[in-house]
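Position 1 is the first residue of the sequence; numbering continues from there. These numbers come from the heavy atoms of this one structure, side chains and all, not from hydrogens, waters or symmetry mates.
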Amino acid sequence: MVEIQLNGEKRQLVSSLLADLIADLNLSQQTIAVAVNRQIIPKSRWTEHQLQVDDKVDVVRAIGGG
């Protein structure tokens, strides 16, 4: 198990893959940006990015408007 901070709240993960976290959040088909420790992770790297203990993950959804 890996414990991270997701948008400021502690969360236990079974899988440390970023793509699995996004899938668990049901956000795979959403337009989102993901930062780990304040660094944006491109969607093309989600399947290979391994989260570490105490990583700070921020997920932001894009909202249209004007």
Side-chain angles (χ1 to χ4, degrees):
M1 290 276 248
V2 175
E3 185 174 287
I4 63 164
Q5 282 193 26
L6 175 63
N7 293 341
E9 296 184 14
K10 290 191 183 285
R11 184 178 182 103
Q12 294 278 337
L13 306 178
V14 175
S15 170
S16 62
L17 276 179
L18 179 57
D20 291 340
L21 171 62
I22 300 305
D24 288 346
L25 296 171
N26 296 317
L27 295 174
S28 297
Q29 302 303 315
Q30 303 289 322
T31 303
I32 59 172
V34 180
V36 177
N37 300 323
R38 303 191 76 178
Q39 297 234 334
I40 297 291
I41 307 298
K43 188 172 186 173
S44 62
R45 293 195 41 231
W46 291 357
T47 57
E48 63 191 43
H49 189 88
Q50 295 281 334
L51 296 168
Q52 305 296 318
V53 173
D54 292 329
D55 273 353
K56 291 173 180 57
V57 180
D58 294 297
V59 177
V60 180
R61 287 189 222 186
I63 299 174

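- Met1 places a side-chain heavy atom less than 4.5 Å from the side chain of Val14.
- Distance CD/Gln5 to NZ/Lys10: 5.0 Å, rounded to 0.5 Å.
- For Glu9, the salt bridge (charged side-chain N to carboxylate O under 4.0 Å, His left out) test picks out no residue, with sequence neighbours left out.
- For CD of Glu48, the number of neighbouring non-hydrogen atoms (other residues, nucleotides, ligands) closer than 6.0 Å is greater than 12.
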Do any side-chain atoms of residues 15-35 form donor-acceptor pairs under 3.5 angstrom with protein atoms, and if so which ones, sequence neighbours left out?
{"residue": "Ser15", "atom": "OG", "partner": "Leu17", "partner atom": "N", "Å": "3.3"}
{"residue": "Ser15", "atom": "OG", "partner": "Asp20", "partner atom": "OD2", "Å": "2.5"}
{"residue": "Ser16", "atom": "OG", "partner": "Gln50", "partner atom": "OE1", "Å": "2.4"}

Just distance, no hydrogens or angles: give the donor-acceptor pairs under 3.5 Å from side chains in residues 54-65, sequence neighbours left out.
{"residue": "Asp55", "atom": "OD1", "partner": "Asn37", "partner atom": "ND2", "Å": "2.9"}
{"residue": "Asp55", "atom": "OD2", "partner": "Gln52", "partner atom": "N", "Å": "2.8"}

